[in-house]
Amino acid sequence: MQVYSTLHRQLVPLVPAQPGEIGMYVCGATVQSEPHIGHGRYAVAFDLIRRYLVWRGNRVTYVRNITDIDDKIIVAAAEAGEKVDERAQRMESVFAKTYESLSVLPPDIEPKATEHIPQMLTLIERLIERGLAYPAPNGDVYFAVRTFEMYGRLSRQRPDELMAGARIEVTEAKNDPLDFALWKAAKPSEPSWDSPWGPGRPGWHIECSAMAAHYLGADFAIHGGGNDLVFPHHENEIAQSEGASGETFSRYWLHNGMVNLGGEKMAKSTGKLVGLSAAIAEYGGATLRLFYLRAHYRSPLEYSKELIEAAAASVDRIRRFALRAPRPEGVEPDQAIVDHFIVAMDNDFATPEALALIFDGMTEVNRELDNGESADSKIAAIHQLLDVLGIRPDTITGDVSQVRNLVDELGLAQGPLEDMMEALLEDRTMARVERDFARSDMIRDRLAESGIVVEDTADGTRWFWR
RNA sequence: GGCGACGUGGCCGAGUGGUUAGGCGCGGGUCUGCAAAACCCGUCACUCCGGUUCAAUUCCGGACGUCGCCUCCA
């Protein structure tokens with residue numbers, strides 16, 4: 001299996017320290033405000049990687065953190081008149097809901113920064129002992145970038161050239177403008193924790209170093225996150241972790257590409273964003289998930305109505321397939337299809353190619369079914385691969401209230417959705433037999449309005465939620 | 001200015017030194033009360049300029065362009 005590692009800048013074989021034992025740390029969200037489409041991408045990308053690695057027989061420990069204390073949260077909470085921890089918890093639950101809608105599995109461990117302050121303090125003390133960090137007179141503690149020779153290895157930045165860029169925060173407390181905060185002295189009314197350097201809160205980067213080491217040790221396989229985190233966040237993590245332990249910190253660095261809107265990165269700071277919850281409400285989580293998977297995880301991904309609707313059309317195609325060709329019991333999946341999938345996915349998780357072969361397989365199955373042949377092993381393979389990709393066409397549902405209204409109007413019996421649909425479709429079939437097409441079309445149209453597609457096929461009438 | 005990624009048909013998006021990606025859309029057909037679906041056929045591209053080669057979209061060099069990072073960021 002080959003992965004593209006930002007550290008190596010090329011495809012490299014994925015070889016964990018212990019064969020089949022993969023520790024995976026992914027930088028999760030800062031729960032400052034509602035997630036946008038971009039947040040869904042990182043979540044789906046690494047969920048996919050995790051699922052695939054597990055499916056291939058690895059024991060994966062997936063850690064995805066929550067940053068629940070930082071400047072942005074403090075500011076956002078103040079603006080909203082909320083307590084910092086309350087806001088963080090509220091946003092955390094919004095994120096959790098969207099993850100669930102996107103079929104993103106919960107990580108094995110989801111550590112929060114505020115619950116690992118002791119680990120961070122220990123790490124900072126060690127860095128000071130080793131001469132890589134220093135407390136400043138104002139109560140801050142800084143990492144001394146120039147003392148860490150390898151600084152810039154991940155992002156290919158040289159400290160002198162960073163200086164030339166000059167957009168670096170200059171603080172009098174720092175010995176060098178490149179130094180970054182490990183610990184920030186608390187201002188009045190800010191949340192704070194006791195430390196050897198006085199009350200304060202952690203700098204952003206230290207939490208990931210501390211929590212990754214705590215749960216995965218130093219030499220774990222994969223560290224992931226958005227490619228906007230390469231510098232400075234991941235660069236600083238390496239400096240802190242390797243500076244403290246003297247060991248390599250994470251073997252491979254995987255970074256997902258950004259979601260663009262109108263050709264530019266989606267970001268809160270520029271106001272160029274679409275809310276994730278709103279998009280899920282409009283199109284459904286499965287469509288969003290497929291939207292992400294249509295592009296390779298490292299490529300930029302443009303968000304637009306046209307592209308999301310193309311994804312929705314593909315979800316419909318998958319859904320129809322699942323209805324026509326349900327998962328057969330006790331059938332061995334077609335090995336050729338599975339092998340092809342593995343070749344694609346072993347190549348840095350090439351989901352566009354994987355999707356292409358699944359669509360190919362669906363076309364073959366449909367053809368064979370049209371010809372009255374059995375296609376069970378191919379069907380089994382396709383269902384299995386959809387599972388690995390986390391695409392679950394059977395879990396989509398909609399609002400039943402309009403169906404109830406229609407049932408009432410037609411004088412049919414209320415009941416579970418399945419029963420009501422059966423009654424409605426029977427009514428419609430009768431109307432068609434009597435050539436009362438006004439009535440049959442009305443039923444179909446009304447169901448369409450409530451999000452249910454009704455189609456008459458050679459095998460009979462089928463329906464599904466869109 | 002520094003670092004990095006990338007430029008494929010109407011759109012999205014793989015891939016390859018000479019032979020079909022796939023999806024969406026579009027045109028035609030089979031089927032059908034209609035619609036939709038499904039299937040079949042068609043829609044054959046690779047930013048530009050040099051170079052290597054019998055042969056380049058695919059390798060090398062250059063130009064142009066796009067995007068990201070260098071500041072909080074998935």
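Just so we're on the same page: letters track the sequence lines, and every chain starts at 1. As the structure is a computational prediction, the values presented were derived from the model and not from experiment. Just so you know, these numbers use all the heavy atoms, side chains as well, and skip hydrogens, waters and symmetry mates.
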Nearest-Å distance once atom C1' is located in both B:rU47 and B:rG65: 8 Å
Check: A:R444 side chain, B:rA35 base, donor-acceptor under 3.5 Å: yes
Distance in angstrom units between A:Y42 OH and B:rG68 P, rounded: 21 Å
Any strand: nucleotide that pairs with B:rU57 via Watson-Crick or wobble, under 3.5 Å: none
Side-chain H-bond candidate by donor/acceptor type, A:T61 with A:D108, under 3.5 Å: no
Integer-rounded Å distance: B:rC34 P and A:F437 CZ: 8 Å
Interatomic distance where CD belongs to A:E235 and P belongs to B:rG68 [whole Å]: 21 Å
Base B:rC72 paired with A:D70 side chain (donor-acceptor, <3.5 Å): no
B:rC46: pairing nucleotide in any strand, Watson-Crick or G-U under 3.5 angstrom: none
Atom P, compared across B:rG4 and B:rA63: separation rounded to whole Å: 15 Å
Nucleotide forming a Watson-Crick or wobble pair with B:rA37, both distances under 3.5 Å: none
Pair A:Y252 + A:H223: ring centers closer than 6.0 Å: no
Atom-to-atom span, NE2 of A:H36 to C1' of B:rA74 - whole angstrom: 7 Å
Side-chain heavy atoms of A:L288 within contact of A:T98, under 4.5 Å: no
Distance between P atoms of B:rG15 and B:rG1 (Å, rounded): 32 Å
Could I get a table of every N or O pair under 3.5 Å where one atom is in the protein and the other is in nucleotides 9-12 of chain B?
from: B:rC12; atom 1: O2'; to: A:R294; atom 2: NH2; distance (Å): 3.2

Under 5.5 Å and under 30°: A:F359 stacked on B:rG23: no
A:R41 to A:F46 six-membered ring, cation-pi geometry met (6.0 Å, 45°): no
Donor-acceptor pair (no angle test) under 3.5 Å: A:N260 side chain, B:rG68 base: no
